[in-house]
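The next block holds one structure in the form of structure tokens; read it before the comments.
Protein chains get the first letters and strands the later ones, always in sequence-line order, with residue 1 at the start of each.
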Amino acid sequence: MTDTPPSIVWFRDDLRLQDHPALDAASGRGGRILCVYVLDRSGTTRAQGRASLWFLHGALGSLRQTLKKHGGDCLILEGDPAEILPALAKETKADILYCHHRYQKEANAQDDAVSQALEKVGCDMKRLHGTVLRQPESVVTKTGTPYKIFSAWWKGFEGLGAPPSPIPAPSGLSFLPLSFTHGKKTKFAPCDIDKALLPTKPDWASKMGEYWDHGEEAAHEALDDFASGPLAHYDTGRNDMAAEESSRLSPYLRHGVLSPRQIWHHCKNKGEPADRETFLSELGWRDFSWYTLFHNPELPQRNLKKQFDSLNWRKSRKDLQAWQKGKTGIPVVDAGMRQLWETGWMHNRARMIVASFLAKHLLIDWRQGEAWFWDTLIDADPASNAVNWQWVAGTGIEASPFFRIFNPLRQSDKFDPKGDYIRRWVPELARLPDDAIAAPWQADKDVLERAGIRLGRDYPEPIVSLDEGRDRAMTAYRKTKGS
DNA sequence: CGGGAATTGAC
DNA sequence: TCAATTCCC
């Protein structure tokens with residue numbers, strides 16, 4: 001045994017052992033390691049939504065199990081990291097703490113504060129890049145300014161060659177036992193993660209548990225299943241809402257059970273070039289979102305196009321709730337929203353449709369939608385969520401033009417032609433024939449009767465006429481021009 | 001990662 | 001006539 005002092009590895013959105021630069025660095029140093037996760041109650045960073053916390057519960061449990069196989073464990077505490085971590089460093093005599101950079105302004109400021117507090121107890125904080133393909137500063141235009149357009153950024157990104165290869169989980173890890181925390185010295189009791197993380201109202205845990213497996217092993221299985229299957233026809237398959245052709249890796253990616261570099265390198269030689277390029281560019285969008293958030297910290301709160309600050313959003317609690325519950329009377333919108341509620345996840349095509357419907361047809365502020373997704377998505381990502389909402393609402397830097405309004409019926413025709421997605425998530429419409437299920441209010445009376453549907457009772461009438469909603473949005477958005 | 005009206009073009 | 005293409009919103 002060397003006399004190298006212990007190191008602390010502070011886990012955040014990187015709940016894995018493989019391709020974990022912070023853990024790898026701690027291992028390479030030689031001393032014993034204390035793994036810690038802090039459920040941040042300081043109020044300085046945005047609290048995760050309830051669905052996301054549910055997934056976190058599983059991810060933390062799996063991380064602990066994996067660490068136990070290596071003879072270690074992860075200490076889970078609740079409170080202010082700037083108090084907890086220095087206290088732990090003092091108690092364990094650790095002189096170095098490893099973690100990964102965070103790219104939200106508040107989170108980065110918190111890390112700065114933790115670093116300063118650690119310094120006072122003789123502990124050095126080392127932040128490594130481990131949660132994105134490339135750190136946000138690394139892709140810049142020739143004039144040194146950040147890119148605003150994805151395709152231009154992507155070109156610059158690819159011009160740098162392949163992203164760094166993932167690193168394997170360190171072997172021969174040596175851990176500091178957690179038992180010291182049960183001594184009198186520590187003032188921090190271990191966090192009861194069941195109590196702190198599992199949702200009670202609503203009790204999502206039992207339902208969502210049917211759809212998701214936890215842990216690195218399950219995540220890599222999902223990755224391999226996708227790479228050896230749906231990736232081969234991803235270009236078209238990803239848009240079929242009823243098919244299970246999308247990767248469904250987002251929850252693992254969000255919580256760092258998988259790293260983007262692992263996904264990239266696992267897929268880089270699979271499938272046809274066109275399908276692969278489409279998928280990798282989706283992974284690119286995730287990095288670009290973090291890049292955009294890094295350069296625009298106000299992204300989750302403020303329109304990046306200030307022109308839309310004057311937009312007169314409708315304030316309708318009733319319409320917002322109908323959207324949230326999947327009772328808008330537009331089947332494809334309701335299908336998406338119900339899939340979200342039950343599984344904590346929504347097909348990406350459906351995300352665009354429901355988001356466009358809220359921000360355009362209902363003319364409700366995209367921030368209301370962003371907040372709902374934040375609370376109900378197990379993959380709710382600080383960067384992607386905000387970027388994509390601003391994209392759909394037309395308020396982002398590189399956004400869909402404001403007059404681009406998804407027509408839910410055309411979307412149904414194109415991406416759920418047989419209505420299978422609607423049948424799966426809006427079962428009360430299941431008996432309607434293929435050509436009527438996307439727009440029951442347009443169906444003949446006897447068709448509805450045969451399917452056992454009385455509109456307004458078994459299934460709602462549309463809460464807004466698609467034509468009128470579209471016109472209303474066009475008018476309201478157009479008014480902001482030049483104002 | 002559009003929609004939809006206007007227009008073209010193959011019958 | 002009607003589907004494909006063009007072009008403005």
Would you tabulate the nitrogen or oxygen pairs shorter than 3.5 Å linking the protein to nucleotides 3-5 of chain C?
none

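In DNA chain B, runs of at least 3 stacked Watson-Crick or G-U pairs (N1-N3 plus N6-O4 or O6-N4, or N1-O2 plus O6-N3, all under 3.5 Å) give these stems: B:2-10 with C:1-9.
A centroid separation of 6.0 Å or more is found between the aromatic rings of A/H361 and A/F406. Between A/H20 and A/H100, the distance separating the two ring centers is shorter than 6.0 angstrom. A centroid separation of 6.0 Å or more is found between the aromatic rings of A/W290 and A/H295. Residues A/Y234 and A/F226 bring their aromatic ring centres within 6.0 Å. Aromatic rings from A/Y103 and A/Y291 are positioned such that their centres are separated by 6.0 Å or more. A distance below 6.0 Å separates the ring centres of A/F373 and A/W389. Ring to ring, A/W285 and A/F150 are close: their centroids are under 6.0 angstrom apart.
Classification of A/K418 and A/D240 as a salt-bridged pair fails, no side-chain N sitting under 4.0 Å from a carboxylate O. Between A/R302 and A/D309, at least one side-chain N (NZ, or NE/NH1/NH2) sits under 4.0 Å from a carboxylate O, which counts as a salt bridge.
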Across nucleotides 2-7 of chain B, 5' to 3', mark each nucleotide with B, S or - according to how protein heavy atoms within less than 4.0 Å reach it. BSS---

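Here the C1' atom of nucleotide B/dC1 and the CG atom of A/L283 are 17 Å apart, to the nearest Å. With rounding to whole Å, A/D416 atom CG is found 20 Å from B/dC1 atom P.
Residue contacts for A/E398: at a heavy-atom cut-off of 4.0 Å it reaches no nucleic acid atom on any strand shown.
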